[in-house]
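Only one structure is covered here, and it is reproduced in the block below.
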Amino acid sequence: MAIAKAERLMNLALCLLGTRRPLSKRELRGSIEAYLEAGNDESFNRMFERDKDDLRELGLVIETVENLEGETGYLARRDSNRLPPVSLDAEEAAALGLAAKVWQQARLAGAASGALQKLRAAGMPEAGDPYEGQHSAIEPRIPVHEAAFEPLMLACRDRRPVVFDYRRSNAARPETRQVEPWALECWRGHWYLAGYDRDRAAERVFRLSRITGKVRSRAGKYTAEVPDVVTVRETVAAWAGEGAQRSALIRLRAGAGYPLRAKATAVREGADGWDELEVPYGHGLDAWLVEFGPDVVVVEPADLRADVVDRLRAVAQG
C-alpha cells in the first residue's frame with residue numbers, strides 16, 4: 001500500500017533532525033520505507049528532491065554538506081530549526097501584518113500568510129492596523145514579475161549556490177554566472193540580487209530582469225564569507241552614478257516628442273534633423289520612451305538603452 005505523503009515527509013524530517021552527521025540519499029533511502037517502495041533510482045531521486053523542497057517551504061532548514069568521498073549529505077540541525085520565544089508588542093505585530101500585505105500580489109502571499117499564522121499560534125498578539133483611518137486608501141505592494149525571484153529567494157535563505165544566464169546592459173548576449181546569493185532587494189521598481197560571483201572572485205549585484213532562462217541550484221558550501229551587512233541599494237546607486245540627480249541623454253527627432261521636451265533639463269538642436277535632450281532618469285522612463293517609437297534614440301546610460309530595446313523586442317514579438 002502506498003504510504004501517504006504527509007507520513008513520508010514526517011519520516012524524512014525526523015531522520016534529518018535526529019542525525020548527528022549528514023546522511024546521504026543512499027542512507028535516507030534505506031531508512032525510510034516509502035523510498036524503498038519508490039522503484040528505480042530516477043523515481044526515488046524525483047520524490048526525494050520534491051520532498052526536500054516541500055520541507056524547506058514548510059520552514060525546515062536543511063543543510064547540504066559534501067563529505068570527503070565527494071558524496072552529498074543532508075541534515076537539519078536542531079538549533080537552526082528551533083523557534084525562540086515570541087515576544088512582540090502590538091505595534092511590532094502590526095508591522096508584521098503590514099509587511100505581509102506587501103506580498104499579496106506575489107507568489108509569496110501564501111508563505112506570508114502562513115508565517116503570520118505560525119507566529120500568532122506561538123503567542124504573537126492579534127493587532128489592528130495602526131494606520132487604519134489615516135491611510136486607508138494606501139495598499140502597499142511590491143511587484144514581482146521576474147521568474148528568477150522565487151528560486152533566488154529560496155537560495156538566499158538556504159545558502160545554496162546558483163547558476164544562471166545573465167545579460168549585462170552593454171552586452172548583446174547573455175553569459176553564464178556562478179553565484180553565491182546573499183540578499184534580494186527592491187530599488188526604484190527593480191529587483192536586485194547581491195552575491196559572490198565565483199568566476200570573477202568578487203561581490204556583484206545583478207538585476208533580476210536581466211536573468212534569462214532558469215535559475216539552477218548547485219550543491220556544496222559557499223566559498224566566500226557572507227558579509228553582515230549587504231548594501232544592495234548603495235552598490236546599485238554608485239554604479240548608476242546617483243551622487244547627483246541622474247540624467248539620460250537621448251536623441252529626439254525634430255518636431256516630435258513635445259511632452260518629452262517639456263521634461264528636458266537641456267536641449268541642443270542638431271543640424272541632422274535630430275535634437276539632443278537631457279532628461280531626468282527615474283523609474284518608468286524606459287516605458288515612456290517606448291511610446292515615442294522611432295522618434296527617440298537613447299544614447300546613454302547603457303542600462304536605460306538596454307531596457308528600451310528589451311521593451312521594443314517584446315512589442316515586436318507580441
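Because only heavy atoms are used, hydrogens play no part in the values below, and waters and symmetry mates are left out as well, while side chains stay in.
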Residue that, paired with Glu63, satisfies salt bridge (charged side-chain N to carboxylate O under 4.0 Å, His left out) out of Arg21, Arg77, Arg159: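 Among the candidates, only Arg77 passes.
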Identified salt bridge (charged side-chain N to carboxylate O under 4.0 Å, His left out) counterpart of Glu180 within the set Arg218, Arg198, Arg160, Arg200: Arg198
Nearest heavy-atom pair of [X] and [Y]: which atoms, and what distance?
X: Gly30; Y: Leu36; value: CA-CD2, 4.0 Å
X: Gly257; Y: Phe292; value: CA-CE2, 3.7 Å
X: Pro161; Y: Gly220; value: CD-O, 3.5 Å
X: Trp191; Y: Leu184; value: CZ3-C, 4.0 Å
X: Val299; Y: Arg305; value: O-NH1, 2.5 Å

Side chains of [X] and [Y], heavy atoms from C-beta outward: is any pair under 4.5 Å?
X: Phe164; Y: Pro151; value: no
X: Val267; Y: Leu252; value: no
X: Leu193; Y: Cys156; value: yes
X: Asp41; Y: Arg29; value: yes
X: Leu289; Y: Val279; value: no
X: Thr64; Y: Tyr74; value: yes
X: Leu154; Y: Glu57; value: yes
X: Asp295; Y: Leu260; value: no

Salt-bridge criterion met for [X] and [Y] (N-O under 4.0 Å):
X: Glu66; Y: Lys221; result: no
X: Arg251; Y: Asp272; result: yes
X: Glu278; Y: Arg268; result: yes
X: Arg173; Y: Glu175; result: no

In terms of hydrophobic clustering (I, L, V, M, F, W, Y; side-chain heavy atoms under 4.5 Å; direct or indirect links), are [X] and [Y] co-clustered?
X: Ile62; Y: Leu17; value: yes
X: Val298; Y: Val290; value: yes
X: Met153; Y: Val61; value: no
X: Leu28; Y: Leu75; value: no
X: Val65; Y: Leu55; value: no

Indicate yes or no for a side-chain donor-acceptor contact from [X] to the backbone of [Y] under 3.5 Å, with no hydrogens or angles considered.
X: Arg216; Y: Lys214; result: yes
X: Ser24; Y: Glu27; result: yes
X: Arg204; Y: Val179; result: no
X: Tyr192; Y: Ala183; result: no
X: Tyr35; Y: Arg26; result: no
X: Arg167; Y: Thr212; result: no

Nonpolar side-chain network containing Val297, other nodes, edges under 4.5 Å: Trp274
Between CG on residue Leu23 and CG on residue Leu12, distance to nearest 0.5 Å: 9.5 Å
Distance, nearest 0.5 Å, that separates CZ of Arg157 from CG of Leu152: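 The CZ atom of Arg157 sits 13.0 Å away from the CG atom of Leu152.
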Contacts of type ring-ring contact (aromatic ring centres under 6.0 Å, His included), residue Tyr196, not counting sequence neighbours: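 Listed in chain order: nothing, the list is empty.
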CZ (Arg261) with more than 12 external heavy atoms under 6.0 Å: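 Yes - once you tally the heavy atoms of other residues, nucleotides and ligands closer than 6.0 Å, there are more than 12.
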